[in-house]
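Remarks on the structure that follows.
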Amino acid sequence: MAEEGRNPLEFDAVVRRFAESAEALANVRNQLQVLTELREAEERANASLQDTAGQVARFASEAANILKGLEEAQAKVAEVLKIGADLLDGTELKGIAETVKASSQSISGVDSRVDILDSKITELISIVGALQTTMGQDMDGLNQKIESVHADVKTPIIVKRLWGGTVRRDATKDS
């Protein structure tokens, strides 16, 4: 600015004014440099925020998928717990126990029938053995009788037995 009582066109004043203008321009340049750096920092921060926003969006999407899977898993766990509660309640165990009891009774019934059949088979085997023995003895006796009758038929002794007559002993020797 112009000093009081001095001519603004003096050389020193002009030089001073140029120096002040240069200083003001340097200040403006420094301020512009600071503003440029701030703008660049703002752009970097904005890019970082956009990248972070994209990552947050991907994370939110993945979290939503995970939550959906967790909900499905929770539903399955609830179903399993209900089945377990029913088992502990005895509804299914009672049915299983009744089935096992009925099967056990059925098996014991079969076991007793098998025991009865086994004893009857043993009895039948002994009866068959006795019959074989008796039949063998009877067959031996019958064979002896048949041989005796056969021998009698060959000799006149049978005639004597049948008609009560006398038989010559010589005739028995002829046969």
Side-chain angles (χ1 to χ4, degrees), residues 1-140:
M1 306 236 188
E3 292 181 14
E4 304 268 336
R6 287 194 121 178
N7 183 1
L9 290 177
E10 280 183 20
F11 182 68
D12 288 336
V14 170
V15 170
R16 221 178 321 142
R17 289 216 172 200
F18 272 111
E20 288 174 359
S21 294
E23 192 178 318
L25 284 174
N27 284 340
V28 168
R29 183 175 32 106
N30 286 339
Q31 287 178 351
L32 283 175
Q33 183 68 28
V34 168
L35 287 175
T36 301
E37 289 173 2
L38 286 174
R39 175 71 178 143
E40 288 173 355
E42 178 187 11
E43 286 176 358
R44 284 191 305 270
N46 189 23
S48 176
L49 285 174
Q50 286 179 351
D51 185 43
T52 303
Q55 290 176 357
V56 167
R58 284 189 299 278
F59 173 77
S61 175
E62 290 173 9
N65 289 337
I66 290 171
L67 285 175
K68 184 179 179 183
L70 287 174
E71 286 174 350
E72 291 172 359
Q74 184 180 14
K76 288 181 182 179
V77 166
E79 183 180 330
V80 167
L81 288 175
K82 183 180 181 327
I83 291 170
D86 288 345
L87 277 172
L88 291 177
D89 233 1
T91 54
E92 298 230 355
L93 285 177
K94 188 176 180 181
I96 291 170
E98 288 173 0
T99 303
V100 167
K101 185 177 179 181
S103 295
S104 175
Q105 289 172 350
S106 179
I107 289 171
S108 67
V110 168
D111 283 344
S112 65
R113 288 184 193 137
V114 166
D115 290 342
I116 291 169
L117 286 174
D118 188 42
S119 66
K120 288 192 179 204
I121 288 172
T122 304
E123 184 181 336
L124 286 173
I125 288 172
S126 67
I127 290 171
V128 166
L131 283 173
Q132 283 178 339
T133 303
T134 304
M135 288 190 67
Q137 291 169 351
D138 288 346
M139 287 299 289
D140 288 342

- Item | Within 6.0 Å of CD in Glu37, more than 12 heavy atoms from elsewhere | yes

- Task: Determine yes or no for a side-chain-to-main-chain donor-acceptor pair under 3.5 angstrom, with Ser48 supplying the side chain and Arg44 the backbone.
- Result: no

- Task: Run the salt-bridge test on Glu43 and Arg39 with the 4.0 Å N-O cut-off and return the result as yes or no.
- Result: yes

- Is there a donor-acceptor contact under 3.5 Å from the side chain of Ser61 to the main chain of Ala57? no

- Query: For Ser126, which residues count as a side-chain contact (heavy atoms from CB on, under 4.5 Å) partner, sequence neighbours excluded?
  - Reply: none

- Which distance, rounded to the nearest 0.5 Å, do you find between the NZ of Lys82 and the CD of Glu79? 9.5 Å

- Give, for atom CD of Glu10 and atom CZ of Arg16, the distance between the pair rounded to the nearest 0.5 Å. 8.0 Å

- Query: If you measure from CD1 on Ile116 to CD1 on Ile121, what distance do you get to the nearest 0.5 Å?
  - Reply: 12.0 Å

- CG on Leu25 to CG on Leu32, rounded to 0.5 Å: 10.0 Å

- Note on the structure: Distance col, row Ile127:CD1 vs Thr122:OG1, nearest 0.5 angstrom, shows 11.0 Å

- Message: Return the CG to CD distance between Leu35 and Glu42, rounded to the nearest 0.5 Å.
- Response: 10.5 Å

